[in-house]
Trainee: 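I am attaching a structure below and will ask some questions about it afterwards.
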Amino acid sequence: MASRSPRSRGTCVLQRALSPRDGSVVSSARYRRTCEEPLYLIALDRYKPDPASKYHFSPVSAPPGFLYDATLSDGDCKVRVTLHPNLNPLVQNNALRCGSELYSVQFAVQFDEARLGGHRRTFQVLGLETGSPAFKRLRGLNLQSLPWFGRSDGDDETAVVPLLARRTCYLPLWDCEDYYGDAWESPARRAESPAHHSESDADEESTQFVTLQQVKASFIKKSKGKLGPLTVRVLKKSRLCHFGKEDRTNECPYQADLEVADGSGAASVILWNSLCLRWYRCLDPGMVLQLLGYRVKESYSRRLGEGRESQNQDQDQDQQHIEISLNSRNPAAIIRIVPERSVQRGWRLPSQTFSFLTRAALASCPDGTVCDFIGLVRFVGRPERTRKKGGGGEEFSVYRWLQLDDGTGDGPILLKLHSTSQPETHARLRPMFIVVCTNSQLASAGSNQGGPPSYQYLTSTRHSQVYGHGQHRGRSYTTLPLVQRFIAWVHTLSEATEMSTAAVGGYFSFPPLPTNIKHYLGERKGNPCLLSMEELRAEVGRLQYREHRRFTVQGSIITARYCRPGERQGEQGRLSTSRAGLAECSTRHYSSASSLDSASLEPKCSPVGSPEVPFSPHYLRISTPKQSPPRRSPRKRPLGKCRRKTETPRKRFALASQFKSSPAHSRQADRSLQESSASCSLADFILEQICSEFQLSSDEEGQEMQVEDPALLSPPPGARPLAWSGRCWQGERLGGAGVFPETVPRRYNHARWELQTRAAGLQPACLSHTLPEPARELESFSPANSYQGCYSITILGLNERLAVDAVFLPTMPSGPHSVPHENSLASVLAHGGPSPSRPPPAPEDLIATAPALANKHFLFVLDISQQGAERLEVVLNRAYPYP
């Protein structure tokens, strides 16, 4: 074996642990083994069980919603195993993730009866203990070349399919709307296949086509004759729909629909099952397709309630009650991509059209307007998850916020971007680049009675497509006048200014909440969905990784403290007294003997703070607290801190001289200005580069950026926090561990954009894409320029049984919420920031007004998100004084 191993040859841990004790090929029908030596988790895969999956488990522990397969390695070989369903919460809370070191792994070994010969064994993990990350010990290993344990020479090592269900492919780890894995055929791979060339180069001239109008007439007459090929242009493409159910057997339960049209009308084309694997990634709006072997069915009624705009509304209404169904059998559909050069005028195919609107035009548009939008990205939020309605509470959708600017209107507009089944495109979204989002829908919030909406934003729809850097060239919208005017505006921008305000990740809330309890209750029709503190604790315990929820509770404020920028707030963070043992999760034992629900893995509660102002979020950068020493420290191999290489920039442009810091500046200011200089130098000609895709000239320069020195984040010597305490609380608390790195938005770093994006993203499903310490990597980037510190607030429930430690950071309200007030701490908490009619108050002045909070009844709006393992993010969004 060419790869290096952390242990000597001939001592394979998996071989010793999982082989029959007597050395025979066939042992007892089912046996158990425990591997005491460390194993390493290098991949996690998720899939929906089928009706036969339940027979692999006892009736008590039947798979609830999803099953997880894992790939384990000892450094010499690797094995694929199935996790017992009782261990699912470990994955769902990101306590068990790629790179984890595992101890005392309990295996159940049995033979695969569905395989001829019966010599293939399957492995199920019943229990385990988690240790520290093992990236240092796996460094240098070629994991791809490691042999599979338990596979004979005749087994297909390239087929990676679910172990305990008849499914063709795995699902993404955190949602069901993206494709995942090598089973999905890419355009590049299809272009290399011989079948692609024979289909694309077919002689269309000698073929007698039928039109959509003829297809509809044949369907109405119920003709049984075979229809000829259809030639249509794709106008829209939907995201993937996974409809797999645990009580149904379907190897590839996927569906996607295409809105197509020809000269006679428009209709929907539905891709079913394995055709999605073969064609979904290869088809794009604007393509011309030739379809054979299709079936005509009656259409569903306006799927998901979304309108289906077409080129000709009259024709659209005429054809909409039929759909063209394409499947891999009964009959087997044939899809041919017709090159644009082969399209003939006699086919009368409609051209692809767009409905681009500017930010200024959207201000006068009603809610529900569907449009295309192009803008320069200024801010890319972190991915967050919300539970879908239905699905047993196990299915999630992923979204993020983008701030786009096109130079018109009063300012940028926000785009709430859900999955568009373009995972590679979403992974490369970053500031300072141009994004086009098609078929986005206008929404608004906070409208006054009979007045215009207070806040407008765009949201992606089922048929939205997103195009980022490297995907614009050659697309028909690049020549539109509106797009060319936008490109001309981009050329007028100052890259130094744009780079100084570009941000990535962090907590973000939009639209802003009202400024008083009356309006807040009015928006919710008098129902604030209040929870007791005990209910809040239970709901928080059910949160999964990166799941965001908003809660409303009642209570009083007993402490308030100002945390200066750079202050290491929360290093003595307190745990919930009844769950202090969770602090030593690094060597905690998990077993299938007792079911693990999410509540049993309740995170080490820690507050975090940040505002919800849409365009200029202010956040605090503070490190996470030090972890408690593990119980089994002798067994663990502590990893040394990764050394960061400091690289000298290749070239300094004249622009850098504008950011030289003076000796009078603080160390924090020196660090920010130094980064601004490097970022702006690197960003030189970025705007020219991105405009080149729109047929404009470009130039490109680049340089390496120095890694930031964490020592420069130290607060000024002798600085002490400003604090007020109305009473001392020694009881149970929820929160108290400070601000997490994931909560703080970071200044965009073009030199290290890929690392920055990965660190702010979701946990990957394979080791090759996993960062050893994402939080540490995030801390290597400077926070956004606008943060000014935060206020740590302790909330005590009315029954005085539980306290919540949260963090609040005031920001300047915008829009109709910019209501003048007295600038006391109580009014700032209710309005979300200082009064717009007065200078912002100093922290000393706000803390001086804190005694007025004593014994006051408040309604608190909390934004809570689970950041993985035992880390809970708690944000105080608003605190309304109760009248």
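One-based numbering along the sequence shown.
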Trainee: Less than 6.0 Å separating the ring centroids of Phe781 and Tyr748?
Mentor: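 When the ring centroids of Phe781 and Tyr748 are compared, they turn out to be at least 6.0 Å apart.
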Trainee: Using only heavy-atom distances, determine whether the side chains of Arg546 and Gln866 contain a donor-acceptor pair under 3.5 Å.
Mentor: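 Result is no, nothing qualifies.
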Trainee: Without hydrogens or angle criteria, can the side chains of Thr461 and Asn439 be said to hold a donor-acceptor pair below 3.5 Å?
Mentor: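 Side chains of Thr461 and Asn439: no pair found under 3.5 Å.
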Trainee: Is the shortest heavy-atom distance from the side chain of Leu415 to the side chain of Cys437 under 4.5 Å?
Mentor: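 A side-chain contact exists here, since the closest heavy-atom pair is under 4.5 Å.
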Trainee: Verify, without hydrogens or angle tests, whether Gln422 (side chain) and Gln465 (backbone) share a donor-acceptor contact under 3.5 angstrom.
Mentor: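 No; judged by distance alone, with no hydrogens or angles, the pair does not exist.
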Trainee: Under the side-chain contact (heavy atoms from CB on, under 4.5 Å) criterion, do His857 and Leu798 qualify, and how do the steps go?
Mentor: CA-CA 8 Å; His857 182 187; Leu798 296 179; 4.0 Å; yes
Trainee: If you round to the nearest 0.5 Å, how far is OG1 of Thr501 from CG of Asn785?
Mentor: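 Interatomic distance, Asn785 CG to Thr501 OG1, rounded to 0.5 Å: 8.0 Å.
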Trainee: Can any side-chain N or O of Arg838 pair as donor or acceptor with the backbone N or O of Glu822 at less than 3.5 Å?
Mentor: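 It does hold such a pair.
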Trainee: Is a donor from one side chain sitting under 3.5 angstrom from an acceptor on the other, for Arg550 and Ser509?
Mentor: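 The answer is yes; a qualifying pair exists.
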Trainee: In the structure I gave you, are the side-chain heavy atoms of Tyr507 and Val875 within less than 4.5 Å of one another anywhere?
Mentor: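 They are in side-chain contact.
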Trainee: Taking all atoms of both residues into account, what is the closest heavy-atom pair of Ile793 and Ala560, and its distance?
Mentor: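 Minimum heavy-atom separation between Ile793 and Ala560: CD1-CB, 3.8 Å.
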Trainee: Can any side-chain N or O of Asn877 pair as donor or acceptor with the backbone N or O of Leu862 at less than 3.5 Å?
Mentor: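 No, because the side chain of Asn877 does not come within donor-acceptor range (under 3.5 Å) of the backbone of Leu862.
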Trainee: Please report the C-alpha distance between Asp178 and Arg239 in whole Å, then the side-chain angles of each, then the deciding distance to 0.1 Å, and finally whether the side-chain contact (heavy atoms from CB on, under 4.5 Å) criterion is met.
Mentor: CA-CA 8 Å; Asp178 287 332; Arg239 61 171 171 251; over 6 Å; no
Trainee: Can you find a pair of side-chain heavy atoms, one from Arg746 and one from Val744, that are under 4.5 Å apart?
Mentor: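 The answer is yes, as the side chains (C-beta and beyond) meet within the 4.5 Å cut-off.
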Trainee: Compare all side-chain heavy atoms of Leu458 with those of Cys371 and state whether any distance is below 4.5 angstrom.
Mentor: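 Yes; the side chains approach each other to less than 4.5 Å.
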Trainee: In the structure I gave you, are the side-chain heavy atoms of Leu536 and Val804 within less than 4.5 Å of one another anywhere?
Mentor: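 Answer yes - side chains close enough.
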Trainee: May I ask you to check whether Trp174 and Phe396 place their ring centers less than 6.0 Å from one another?
Mentor: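 For Trp174 and Phe396, the ring centres are not under 6.0 Å apart.
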Trainee: Step through the shown structure and confirm whether more than 12 heavy atoms of other residues, nucleotides or ligands are within 6.0 Å of CZ on Arg758.
Mentor: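 Yes, because the 6.0 Å sphere around CZ of Arg758 holds more than 12 heavy atoms from other groups.
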Trainee: So, are Glu873 and Arg382 salt-bridged, with charged N and O less than 4.0 Å apart?
Mentor: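 The answer is yes: the pair qualifies as a salt bridge.
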Trainee: Would a distance-only check, ignoring hydrogens and angles, find a side-chain to backbone donor-acceptor pair under 3.5 Å from Ser440 to Asp372?
Mentor: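 The answer is no, because no donor-acceptor pair under 3.5 Å joins these two groups.
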Trainee: Can a side-chain donor-acceptor contact be found between Thr794 and Thr559 if the only test is distance below 3.5 angstrom?
Mentor: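 Yes.
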Trainee: Using modelled atom types and a 3.5 Å cut-off, is there a donor and acceptor pairing between side-chain atoms of Ser837 and backbone atoms of Pro820?
Mentor: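 Checking the backbone N and O of Pro820 against the side chain of Ser837, no donor-acceptor pair under 3.5 Å is found.
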Trainee: Tell me, with the steps shown, if Ser397 and Thr386 meet side chain to side chain donor-acceptor pair (under 3.5 Å).
Mentor: CA-CA 6 Å; Ser397 62; Thr386 56; 3.1 Å; yes
Trainee: Is the side chain of Tyr882 donor-acceptor paired with the backbone N or O of Gly555 at a distance under 3.5 Å, no angle test?
Mentor: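 It does not hold such a pair.
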Trainee: Write down the atom of Glu177, the atom of Ser419, and the distance for their closest heavy-atom approach.
Mentor: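 Taking Glu177 first and Ser419 second, the nearest heavy atoms are OE1-CB, 3.4 Å.
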Trainee: Between Asp405 and Arg378, does at least one N-O distance fall below 4.0 Å, as a salt bridge requires?
Mentor: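 Salt bridge present between Asp405 and Arg378.
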Trainee: Find the distance between CG (Leu482) and OG (Ser355) and round it off to the nearest 0.5 Å.
Mentor: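 That separation rounds to 11.0 Å.
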Trainee: For residues Val398 and Pro383, report the shortest heavy-atom separation together with the two atoms involved.
Mentor: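 Nearest pair, atom of Val398 first, then Pro383: CG1-CB, 4.0 Å.
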Trainee: In Å, rounded to the nearest 0.5 Å, how long is the span from CD1 of Ile374 to CG of Leu404?
Mentor: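 Going from CD1 on Ile374 over to CG on Leu404, the span is 10.0 Å.
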Trainee: Short question: side chain of Ser444, backbone of Gln456 - any donor-acceptor pair under 3.5 Å?
Mentor: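 Flag not set: sc Ser444 to bb Gln456 has no pair under 3.5 Å.
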Trainee: Does the ring centre of Tyr520 sit less than 6.0 Å away from the ring centre of Tyr880?
Mentor: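 Ring centres of Tyr520 and Tyr880 closer than 6.0 Å.
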Trainee: Measure from NZ or CZ of Arg430 to the centre of the six-membered ring of Phe433, then state whether that distance is under 6.0 Å and the direction lies within 45° of the axis.
Mentor: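 Yes, a cation-pi geometry.
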Trainee: Indicate the atoms forming the closest heavy-atom contact of Ser725 with Arg727, along with that distance.
Mentor: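 Minimum heavy-atom separation between Ser725 and Arg727: OG-O, 3.2 Å.
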Trainee: Looking at the rings of Tyr791 and Tyr562, which for Trp means the six-membered one, are their centres under 6.0 Å apart?
Mentor: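 Aromatic pair counts; centres sit under 6.0 Å.
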Trainee: Taking the side chain as every heavy atom from C-beta outward, state whether Asn749 and Val504 have any atom pair closer than 4.5 Å.
Mentor: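 No, too far: nothing below the 4.5 Å cut-off.
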Trainee: After noting the C-alpha distance and the side-chain angles of Tyr399 and Glu384, does the key distance pass the side chain to side chain donor-acceptor pair (under 3.5 Å) rule?
Mentor: CA-CA 6 Å; Tyr399 72 93; Glu384 292 189 330; 2.9 Å; yes
Trainee: For Gly833, is there any backbone N or O sitting under 3.5 Å from a side-chain donor or acceptor partner on His831?
Mentor: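 Checking the backbone N and O of Gly833 against the side chain of His831, no donor-acceptor pair under 3.5 Å is found.
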Trainee: For Ser556 and Phe860, which heavy atoms make the closest approach, and how far apart are they?
Mentor: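 Residues Ser556 and Phe860, closest heavy atoms: N-CE1, 3.9 Å.
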Trainee: Let me confirm one number: the CG-CD1 distance from Asp805 to Ile795, rounded to the nearest 0.5 Å.
Mentor: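 One finds 8.5 Å between CG of Asp805 and CD1 of Ile795.
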Trainee: Does any donor atom in the side chain of His548 or Ser865 lie under 3.5 Å from an acceptor atom in the other side chain?
Mentor: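 Not at all, the side chains of His548 and Ser865 share no donor-acceptor pair under 3.5 Å.
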Trainee: Compare every heavy atom of Val828 with every heavy atom of Pro834, then report the nearest pair and how far apart it is.
Mentor: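 Nearest heavy atoms, Pro834 then Val828: CA-CG2, 4.2 Å.
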Trainee: Does the pair Leu802 and Arg733 meet the rule for a side-chain contact (heavy atoms from CB on, under 4.5 Å), with working shown?
Mentor: CA-CA 6 Å; Leu802 178 68; Arg733 291 176 180 264; 5.6 Å; no
Trainee: Do Ile864 and Leu543 come close enough that some side-chain heavy atom pair is under 4.5 Å?
Mentor: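 Yes; the side chains approach each other to less than 4.5 Å.
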Trainee: Can you measure from CE (Met499) to CE (Met432) and round to the nearest 0.5 angstrom?
Mentor: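 The distance works out to 6.0 Å.
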Trainee: Could you check Phe508 against Phe379 for ring pair (Phe, Tyr, Trp, His ring centres under 6.0 Å), going step by step and ending with a plain yes or no?
Mentor: CA-CA 11 Å; Phe508 190 78; Phe379 167 73; 5.1 Å; yes
Trainee: Do side-chain atoms of His418 reach the backbone of Ser460 as a donor and acceptor pair under 3.5 angstrom?
Mentor: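 Flag not set: sc His418 to bb Ser460 has no pair under 3.5 Å.
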Trainee: Indicate whether any N or O donor in one side chain lies under 3.5 Å from an N or O acceptor in the other, for Glu498 and Ser500.
Mentor: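 No pair is found: no donor N or O on one side chain lies under 3.5 Å from an acceptor on the other.
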Trainee: In Å, rounded to the nearest 0.5 Å, how long is the span from OH of Tyr457 to NZ of Lys416?
Mentor: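 One gets 6.0 Å once the value is rounded to the nearest 0.5 Å.
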Trainee: Using the six-membered ring of Phe740, assess whether NZ or CZ of Arg871 lies under 6.0 Å from its centre and within 45 degrees of the ring axis.
Mentor: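 Yes, Arg871 and Phe740 form such a contact.
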Trainee: Ignoring hydrogens and angles, tell me if any N or O in the side chain of Glu779 forms a donor-acceptor pair with the backbone of Pro774 under 3.5 Å.
Mentor: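 Between the backbone of Pro774 and the side chain of Glu779 there is no qualifying donor-acceptor contact (under 3.5 Å).
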Trainee: Are any non-hydrogen side-chain atoms of Val874 and Asp863 less than 4.5 angstrom apart?
Mentor: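 SC-SC contact between Val874 and Asp863 ruled out.
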Trainee: So Phe373 and Val436, side-chain contact (heavy atoms from CB on, under 4.5 Å) or not? Walk me through it.
Mentor: CA-CA 6 Å; Phe373 194 85; Val436 170; over 6 Å; no
Trainee: Taking the six-membered ring where the residue is Trp, are the ring centres of Trp401 and Phe510 under 6.0 Å apart?
Mentor: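 Centroid distance Trp401-Phe510: below 6.0 Å, so yes.
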Trainee: Whether Glu395 and Arg387 form a salt bridge (side-chain N of Lys/Arg under 4.0 Å from carboxylate O of Asp/Glu) is what I want to check.
Mentor: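 No, no charged N to carboxylate O under 4.0 Å.
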